[in-house]
Amino acid sequence: MAFNGFLKAALTGLALLCTPVLGSFDTSAARADILRVVKKGTAATLDVPMNRAVVVESDVPFAELSIANASIADISSLSDRTIYVLGKTPGLTTLTLLDASGRLITNVNVRVAADVSEFKERLRQILPQEKIEVRTANDGIVLSGTVSSAARLQRALDLAERYAPERVSNLMSVGGVQQVMLKVRFAEMQRSVSKSLSTSLALNDVSGSLGANGGTNTLNNSGAVTNALGGNIPAANENAGAILFGFNAGSVQVGLLLEALEQKGVVRTLAEPNLSALSGQEAKFLAGGEYPVPVAQENNTISVEFKPFGIELKFIPRVVDGDLINLELEAAVSAIDQNNGININGFQIDAFSRRETSTTVEMRDGESFAIAGLIEDEFLDNSSQLPWLGDVPVLGTLFRSANYQRSQTELVIIVTAHLVTPTRGEALALPTDRVKPPSEKDLFLFGRTARTPRGAASEVAKQDFSGSYGYVMD
């Protein structure tokens, strides 16, 4: 094979400078069928990076050489002792050397793989603290080892995709704590105040000369007037207090009824569901029930759907980096509201009062976040009176009624996230450990409905149950 002298010299110099990998043939004639490829020692396979070249020198002159698969590697002879091997595509092929008499000198396994030296260097620069091993597999890259967080694992994969698009195999695992316990606190306070003051007036002509008989407000019917003038408070009275005055003004009987009402109410709602999940996995929680709701179908048939109510919690935690946690959260508190229900074709369907939120937040281990807050303030004033007479100063009070209502609602939802690890079962305490069923002697002779356990269970029963159970917080 004849090559241009200048090209031979250029290729030889480039290969010697860029690829200091030399092969050496055994000089013994008896062992001429063995080729040793030297690369900081002896190897049975010649490794050639893709799109890179390796120059191999032999102590035994060869006359012919051939490659089994020219699409994997390309070869050329620079001299009768020097071979230039260029990696083209990933794969494994065989290089054959023959002497001048046509006898086989040796076969060399040539393995061409992707060049990952630059990728390894970039990986060390971007993630210097991570222990990631990089290997080649055919024309792809295989990553293995343990990384400290899911975010850094994704960074390594994104970088590998730049060098081997859609040919990256991930064998890496994430170290550290990857389980998250979420503590959600629902706190709702409702306050209401209602006041009313009404005045009713009843008149009756005893002599009958006027023929007047009537009343206002509560005393606006004949039965109520008769009872009031007889000294009886009307049965329709719904107020907290009522006072009846009566007197005669000549032949006219006058009855004056004063009714007053004042109501105050406070409602406190608090729920604290706790739920744990693995990073990246969804967790659901429901403490309540399901309410049947009739649903009209075809052919005048009715089916039933069940709507959940109670305390609902659904979240997806993601441990981003170290103790930084990303949370996708949906939380709700609902209850059956019979006051706002409807009746359809004989079916009584109750309504629901519901408070819910859906959000995404980011926090560190042990931190809390107020994800929702609601303040409602309703104010209502009503005044009813007889036309014209209610506008008369002082005296118009007898012909006027007024009521006042105010309602305030305040809701806060606070979430706290913890990184947790499982613990041993015997270290946990259950609410049922506090009590044991009584014996017949304790129940019938001493009236005890429960007995305190003895031994280790007794010590467990004395523990405080205000904390979280099932996991140990770091």
- According to the interplanar angle, ranging from 0 to 90°, do the rings of Phe352 and Phe309 count as parallel (below 30°), tilted (30 to 60°) or perpendicular (above 60°)? tilted
Hey, does Tyr404 have a side-chain heavy atom less than 4.5 Å from the side chain of Leu197?
no
Please evaluate residues Glu188 and Thr409 with respect to the criterion side chain to side chain contact (heavy atoms under 4.5 Å, CB included), reporting the C-alpha separation (whole Å), side-chain torsions for both, the decisive distance (0.1 Å), and the verdict. CA-CA 7 Å; Glu188 183 176 14; Thr409 301; 3.5 Å; yes
Would the distance check show the side chain of Ser334 and the main-chain N or O of Gly310 forming a donor-acceptor pair, the cut-off being under 3.5 Å?
yes
Evaluate the criterion side chain to side chain contact (heavy atoms under 4.5 Å, CB included) for residue pair Glu356 and Glu330; output intermediate values, then yes/no. CA-CA 7 Å; Glu356 67 175 314; Glu330 294 182 12; over 6 Å; no
On a heavy-atom basis, the closest approach of Ile336 and Tyr291 is CD1-CD1, 3.7 Å
### Query
Taking the side chain from Lys314 and the backbone from Glu282, do they hold a donor-acceptor pair closer than 3.5 Å?
no
When rounded to the nearest 0.5 Å, the distance separating CD1 of Ile349 from CG of Asn340 is 13.5 Å
Are there over 12 heavy-atom neighbours, none belonging to Arg111, within less than 6.0 Å of that residue's CZ?
no
(Q) Quick one, Met189 and Val266 - any side-chain contact, counting heavy atoms below 4.5 Å? (A) yes
Check: Quick one: does Glu362's side chain get under 4.5 Å of Leu324's, heavy atoms only?
Finding: yes
Counting only N and O atoms by type, is there a donor-acceptor contact under 3.5 Å from the side chain of Glu161 to the main-chain atoms of Glu166?
yes
In terms of heavy-atom contacts, Asp365 and His418 come closest through OD1-CA, 3.1 Å
Close side-chain approach of Ile311 to Val184, heavy-atom, < 4.5 Å = no
Of all heavy-atom pairs linking Ala160 and Ile141, the shortest is O-CD1, 4.3 Å
What one should report as the nearest heavy-atom pair of Leu104 and Leu97 is CD1-O, 3.5 Å
inquiry  = I want to check something: taking the side chain as every heavy atom from C-beta on, are Thr136 and Pro90 in contact at a cut-off of under 4.5 Å?
reply    = no
### Basic-acidic side-chain contact under 4.0 Å: Arg135, Glu133
yes
**Q.** Within 6.0 angstrom of Gln348 CD, more than 12 heavy atoms from elsewhere
**A.** yes
What do the steps show when you test Ser79 against Arg81 for side chain to side chain donor-acceptor pair (under 3.5 Å), and what is the final call? CA-CA 5 Å; Ser79 68; Arg81 295 177 181 269; over 6 Å; no
Full working for side chain to side chain contact (heavy atoms under 4.5 Å, CB included) between Met172 and Leu157: CA-CA 10 Å; Met172 296 181 292; Leu157 292 178; 3.9 Å; yes
Are any of the side-chain heavy atoms of Asp99 and Val60 separated by less than 4.5 Å? no
Strictly distance-based, threshold 3.5 Å: is any side-chain N or O of Thr89 a donor or acceptor partner for the main-chain N or O of Ser71? yes
Value for CG (Leu159) from CD1 (Ile126), rounded to nearest 0.5 Å, stands at 4.5 Å
| request: State whether the number of non-hydrogen atoms from other residues, nucleotides or ligands found under 6.0 Å of Gln129 atom CD is greater than 12. | output: no
Interatomic distance, CD1@Ile132 vs NZ@Lys120, rounded to 0.5 Å, equals 12.5 Å
Nearest heavy-atom approach of Ala283 to Leu275 is CB-CD2, 3.5 Å
Original post:
Just by modelled atom types, is the Val319 backbone N or O under 3.5 Å from a matching donor or acceptor in the Ser279 side chain?
Top reply: yes
d(Leu95 CG, Thr93 OG1) to nearest 0.5 Å is 8.5 Å
ask   = Asp323 versus Leu419: any side-chain heavy-atom pair under 4.5 Å?
value = yes
The complete set of ring-ring contact (aromatic ring centres under 6.0 Å, His included) pairs with one or both residues in residues 103-125, sequence neighbours excluded, reads Phe119-Tyr163
Worksheet item: Between Asn299 (side chain) and Thr301 (backbone), is there a donor-acceptor pair under 3.5 Å?
Response: no
query = Using 4.0 Å as the upper bound for N to carboxylate O, is an ion pair formed by Glu312 and Arg354?
reply = yes
Here the gap from Lys441 atom NZ to Arg448 atom CZ, rounded to the nearest 0.5 Å, amounts to 8.5 Å
Between Asn51 and Leu86 the two heavy atoms that sit nearest each other are C-CD1, 4.3 Å
Exercise. More than 12 foreign heavy atoms under 6.0 Å from CZ of Phe444: is that the case here?
Worked result: no
Those residues at least two apart in sequence (or on a different chain) that pass side-chain hydrogen bond (donor to acceptor under 3.5 Å, both in side chains) with Glu328 are Arg318
Output for pair (Asn403 CG, Leu261 CG), nearest 0.5 Å, gives 9.0 Å
Does a side-chain heavy-atom distance below 4.5 Å link Val293 with Asp350? no
